[in-house]
2 protein chains.
Amino acid sequence: MEDIDIAINERCRDVLLAIIEGYFATVNPVGSKFVSENYHLNLSPASIRNIMAVLEDGGYIYQPHFSAGRIPTAKGYKFYIESLMKTEKISKKQKETIKKTFRLENRNINSILHQTSRALSDLSHYTGIVLAPETSLVSLLHIEFVKVKPNNILVIMVFKNAIVENRLIYVYKDIKQNELNRYSGKLNEIIEKRDCGIDDLRDIIESEIHDARENFYSILNDMIFNFTNNIDQNMDNCLYIGPETVLLDEPEFSNNEQIKLLVKAINDKKIIIKLLGLTKSCTTKRIFIGSDAEWSEISGLSLITAPYLSEDKALRGSIGVIGPSRMNYSQVIPIIDFIAEFLGEII
Amino acid sequence: MEDIDIAINERCRDVLLAIIEGYFATVNPVGSKFVSENYHLNLSPASIRNIMAVLEDGGYIYQPHFSAGRIPTAKGYKFYIESLMKTEKISKKQKETIKKTFRLENRNINSILHQTSRALSDLSHYTGIVLAPETSLVSLLHIEFVKVKPNNILVIMVFKNAIVENRLIYVYKDIKQNELNRYSGKLNEIIEKRDCGIDDLRDIIESEIHDARENFYSILNDMIFNFTNNIDQNMDNCLYIGPETVLLDEPEFSNNEQIKLLVKAINDKKIIIKLLGLTKSCTTKRIFIGSDAEWSEISGLSLITAPYLSEDKALRGSIGVIGPSRMNYSQVIPIIDFIAEFLGEII
DNA sequence: ATTTAGCACTTAACTGTTATGAGTGCTAAA
DNA sequence: TTTAGCACTCATAACAGTTAAGTGCTAAAT
């Protein structure tokens, strides 16, 4: 299985490009005759076969069975994307259309992310995904305690990026709303004075408000414990996935087992979160190709991801598109790049 | 296609029961010989064939092709569930286990609903779904305005059922946090005095606070417009669906097209919301069987739903389980009933 | 030194035939 | 009223044969 290191000359590149484009067009293994007839390389099938043998040694293409044509491998796709493909620039008009699809007024972050995943799906015609930014590190803007019923207090925390999180907590001693207001007032004072995240706040409280009542401590403990503890739970909410059913109709998923793998791969949010998470901390886009080292679970699918970053750099997440490996990279990649940038601007 | 009205006597019932149970066990069309040999009805295959012909005329069973055994129809399943099946009671021990799976402390409603869908999935071994209760009709408990940045105000509304909703709105005139606090203080006074939902509040404001500044009106207008306008959007969030991939491995979905239909049916949330919505306003459970009048899109699947109702009757939603039509109704139904009741208690 | 034509070979996919087995409906006997 | 017997239908699997696509290799041509 180890690829032989081969020198890829001009002719090799041409043939590889022809195979990849031919495969994109027909979704069938591409043979030497087909390349010779449809791409004006001025080479006979026999010559092309020779070159194909070289490309196969190099690990760029493979044969599904002995007497079949060739199909690009993950390595082949990567080479294509990096070196062979001509990226189409996204037109100004298209940019305007994208911007229009976001109704910007009166939005909470939830619906922006939702809308982003839809925009990605609509424009790429594949499945758009959006990983929400982490909130745990963002500074707090406002805290509110609301007594819902005896012993039940709703803790609402507003972060500087307008994200609102809330938890209902149970306290053993009943506390009046008035008293709760005093607590929250005190905390908001602290927050206003200095920039602090949820963990910082806890430290500050411990070191500064020694005279606080016990209640106060227990509420805060519960609150923070709960927040940090529920992150894992919230992971589900953090992922916005567009319609996966469009992928089902792609010709490579005509086989029974392939379909099941596809559905399972997309429903296995853990893996997708892992892959998108890898991108989140990058500065540039990444491409995962099915059966690749990083995404070995399924072949035939590709995931293109790009990070986004809010202007104040407090918010960091990533977006992506899942499609068949033979998707139209030259169109999809600029769309993702643009939407990632645009999303960074508006959040 | 019209079913002939037939009298179902004791023997018919026995044979139908045998066919249904046989089909559940083997997932294959059930023939007369099989029934005769495996169920001690003391009848020869030939007699059973005669009875089968009657059941087929009545529309309770059908043949996939001429020389095949019989499979229950939707009508057959319904008759089985209503008249033939012995419902297993859920044991006290099982009840305890269910209760334990809910960690009750420090929860927001989101995670409770999430957990419910998981519990449904785990216990039934199929796909659990939960439709969140409508919030638009619930009374308000608390309102808060937080200035996020110039011209951007975050509106947070807490309802009496501890549900928190928030929207970021844009206002043309910049308002200081102090002034916002005065506004929210005023609104909270009103809310405290009388029970009112979001629409009521608007009416009260219009008729009572004539001296309010223009800003105040415009904020409120935006806020309420946005809330009522975004309900449709939020529908997506309202549905919690358990793992659908478990259904893929059921033997009836071995065929290519069937799998696609299955995935599409489950991903088409509109239909599921419609079906669950039908149940929400009912007082008792309902069962939808695939290819039925109400759920014609897919055959082979069944949806069992039950409404839940909070103690104060303010919250009304529904839960359900999607599984193959030959699922173990006698076990799944009591589980759903119990969880629906339990969920009503804890929210 | 390349390139290519020619040829033998491999494989998947399709075709047609046949056999098998499961299950039926009907009729006549018990 | 029940059942044994029989002719019939249809799906499925197995088998052999054919076709078409595509390959690798070698020897001839450029």
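FYI, side chains are in, hydrogens and waters are out, and symmetry mates aren't considered; it's all heavy atoms of this structure.
For A:Lys260, the side chain to side chain contact (heavy atoms under 4.5 Å, CB included) partners at least two apart in sequence or on another chain are A:Asn256, A:Glu257, B:Leu248, B:Asp249, B:Ile259. Checked against side chain to side chain donor-acceptor pair (under 3.5 Å), B:Ser44 has the following partners two or more places apart in sequence or in another chain: B:Ser47. Every side chain to side chain contact (heavy atoms under 4.5 Å, CB included) that A:Ile98 has, sequence neighbours left out, goes to A:Ile90, A:Phe102, A:Leu123, A:Phe338, A:Ile339. Not counting sequence neighbours, A:Thr116 has no partner by the side chain to side chain donor-acceptor pair (under 3.5 Å) test. Evaluation of the side chain to side chain contact (heavy atoms under 4.5 Å, CB included) rule for B:Thr284 yields no partner, not counting sequence neighbours. With sequence neighbours left out, A:Thr127 forms a side chain to side chain contact (heavy atoms under 4.5 Å, CB included) with A:Ile241, A:Glu244, A:Val246, A:Leu247, A:Ile322.
Within the structure, every pair that satisfies the ring-ring contact (aromatic ring centres under 6.0 Å, His included) test and touches residues 50-77 of chain B, not counting sequence neighbours, is listed here: B:Tyr60-B:Phe79. Legend: salt bridge (charged side-chain N to carboxylate O under 4.0 Å, His left out) pairs involving residues 320-340 of chain B, not counting sequence neighbours, sorted by first then second residue: B:Glu250-B:Arg326, B:Glu252-B:Arg326, B:Lys285-B:Asp337.
Consecutive pairing runs in DNA chain C reach the stem threshold at C:1-30 with D:1-30, where a stem means at least three Watson-Crick or G-U wobble pairs with distances under 3.5 Å.
Looking at residues 20-27 of chain B, you'll see that no heavy atom sits under 4.0 Å from any atom of DNA chain D.
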N/O to N/O distances under 3.5 Å, protein versus nucleotides 21-30 of chain D:
unit_1 : atom_1 : unit_2  : atom_2 : d
D:dG22 : O4'    : A:Ser67 : O      : 3.3
D:dG22 : O3'    : A:Ala68 : O      : 3.4
D:dT23 : OP1    : A:Arg70 : NH1    : 3.2
D:dT23 : OP2    : A:Ser32 : N      : 3.2
D:dT23 : OP2    : A:Ser32 : OG     : 2.6
D:dG24 : OP1    : A:Arg70 : NH2    : 3.2
D:dG24 : N7     : A:Arg49 : NE     : 3.2
D:dG24 : O6     : A:Arg49 : NH2    : 3.2

Would you give me the side-chain donor-acceptor pairs under 3.5 Å for residues 28-37 of chain B, sequence neighbours excluded?
unit_1  : atom_1 : unit_2  : atom_2 : d
B:Ser32 : OG     : B:Arg49 : NH1    : 3.2
B:Ser36 : OG     : B:Leu43 : O      : 3.0

